[in-house]
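Step one of this worksheet: look at the structure below.
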Protein chains: 2
Amino acid sequence: MIRIVLADDEDLIRGALAALLGLEDDIEVVGQASDGRTAVELARAHRPDLAVLDLEMPGWDGLAAAKQLSENPGIPSVLVTRHARPGVLKRALGDGVRGFVPKTTPASRLAEILRDVHAGKRYVDPEIAASALTATSCPLTDRELELLRYAHDGGTINAIAGQAHLAQGTVRNYLSSAMTKLGVETRYEAARRAWEEGWF
Amino acid sequence: MIRIVLADDEDLIRGALAALLGLEDDIEVVGQASDGRTAVELARAHRPDLAVLDLEMPGWDGLAAAKQLSENPGIPSVLVTRHARPGVLKRALGDGVRGFVPKTTPASRLAEILRDVHAGKRYVDPEIAASALTATSCPLTDRELELLRYAHDGGTINAIAGQAHLAQGTVRNYLSSAMTKLGVETRYEAARRAWEEGWF
DNA sequence: TCGACCACCTGACATTTGTCACGACCGGGC
DNA sequence: GCCCGGTCGTGACAAATGTCAGGTGGTCGA
């Protein structure tokens, strides 16, 4: 019997996934959480064989939870995600994630994947793996990424400079540099590109 | 027995929802589709009692499919959505949608909701209903909305003017007007606000 | 120790953008 | 008729933005 802790912030999806896994004779969902922190607490209490975590969650996301679980109680995680972002896959594998499943995966495969991971294998969606291999590794510096993160929600340069505690000239330079590196015309496009690649 | 056609572009979620509904004795999923157009074809072929449609789908989205189904074979629809956008709810109800369920709804409630809708009732998530009532109705003109749609993916004014076949001065005027009406500083924030409200 | 390099920051400059005032056209109400 | 609101455009101005040359300090390998 494979004992699982399941985390997804959308109740409907989490419940549906639980129903799906409940159909399998050898899988048992022993706990459900709606955010990463609760998932970690549940896992430390129940000691499941496996954690199935949605990547996009408020507060601690799936990646943060997976890292915790892999370090402390040594519980392997499978991440489920809507957006197949190559950079995120790389970081996830570095943080001890054992399976990476986009939501476009056929439902019938999920149980098999969990069994494989439980048996010690790893699973990575072939599509994402391919794009992660061909993907240009991130050409941006940490500072550039930080400012792109701020730029992502559409504020003015001044607002960004305030949040980052920098002069606006500096902010403009970093963003300009990022824009040239990515070959786009505006910081918004740059921010979107960086997000899509999974660089943050 | 309530016969249902189910549409969601994410295979994993669609399969999980099917599993969830399959647990109910009085509900049968007679067809599954990954986009709105296929959902409509399936529904015309199988004549289900109800269609459960994800709102966010490529090609025809859930709203378009629901409208078709309500007009032609007269099949009622329940929309499932991730983002609770008040404007979308209003349009949906106008297009004959009978149920509006955000993905934050507890999984255990879904079956009840489908039964209610099948019995002729309507269901609208109370949270969204409240925000739709208090929401300011859209103060923007069609042209302003159109340009905000273009602005939403981050191009320059020139690019937008090209797509819309307008002079850049005109584009700036419309966007500026939209920005003042919404009380924001940049066209990107304006575009995001309009999207969040469900105005497009 | 030196130079090369990189991340970091700044100021000056040209372009883009937002704002405003204005005019023309069209359609529908009063 | 007249007025009003939406559409489309122009020109001008100030502010925000992007671009560039340059400066500082630290690390690293030769």
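Model, not experiment: these values are computed from the prediction. To find a chain, count down the sequence lines: A is the first, B the second, and so on, and within it residues start at 1.
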| field | A:R98: salt bridge (Lys or Arg N to Asp or Glu O under 4.0 Å) partners, not counting sequence neighbours | value | none

Can you pull every protein N or O that's under 3.5 Å from an N or O on nucleotides 16-21 of chain C?
from	atom 1	to	atom 2	distance (Å)
C:dT17	OP1	B:I157	N	3.4
C:dT17	OP1	B:R187	NH2	3.3
C:dG18	OP1	B:R187	NE	3.1
C:dG18	OP2	B:R187	NE	3.1
C:dG18	N7	B:R172	NE	2.9
C:dG18	O6	B:R172	NH2	3.4
C:dT19	OP2	B:S176	OG	3.1
C:dC20	N4	B:N173	OD1	2.9

| request: Could I get the full list of side chain to side chain donor-acceptor pair (under 3.5 Å) partners for B:D125, not counting sequence neighbours? | output: none

| According to the ring-ring contact (aromatic ring centres under 6.0 Å, His included) rule, which pairs have a member within residues 78-99 of chain A, sequence neighbours left out? | A:H83-A:W195

| Which residue pairs satisfy the ring-ring contact (aromatic ring centres under 6.0 Å, His included) criterion with at least one member in residues 43-73 of chain A, sequence neighbours excluded? | none

Please tabulate, one pair per line, all N/O donor-acceptor pairs under 3.5 Å involving side-chain atoms of residues 169-177 of chain B, not counting sequence neighbours.
from	atom 1	to	atom 2	distance (Å)
B:R172	NH1	B:Q168	OE1	3.4
B:S177	OG	B:E144	OE2	2.5

| task | Only counting residues at least two apart or in another chain, list the ones meeting side chain to side chain contact (heavy atoms under 4.5 Å, CB included) with B:D95. | result | B:L63, B:K67

| task | Would you mind listing the cluster partners of B:Y188? Hydrophobic ones only (ILVMFWY), side-chain contacts under 4.5 Å, chaining allowed. | result | A:Y188

| Expressed in angstrom and rounded to an integer, what is the separation of A:L147 atom CG from C:dC9 atom C1'? | 12 Å

Between protein and nucleotides 3-7 of chain D, what N or O pairs are separated by less than 3.5 Å?
from	atom 1	to	atom 2	distance (Å)
D:dT7	OP2	B:T141	OG1	2.7

| said: Nearest 0.5 angstrom please: A:D35 CG to A:D54 CG, how far? | reply: 11.5 Å

| field | Pairwise side-chain hydrogen bond (donor to acceptor under 3.5 Å, both in side chains) hits with a residue in residues 69-81 of chain B, at least two apart | value | B:E56-B:T81

Under 3.5 Å, which donor-acceptor pairs link side chains of residues 109-121 of chain A to any protein atom two or more places apart or in another chain?
from	atom 1	to	atom 2	distance (Å)
A:R109	NE	A:E112	OE1	3.4
A:R115	NE	A:D26	OD1	3.4
A:R115	NE	A:D26	OD2	2.6
A:R115	NH2	A:E24	OE1	2.6
A:R115	NH2	A:D26	OD1	3.2

Would you tabulate the pairs of protein nitrogen or oxygen atoms and nucleotide nitrogen or oxygen atoms of nucleotides 23-28 of chain D closer than 3.5 angstrom?
none

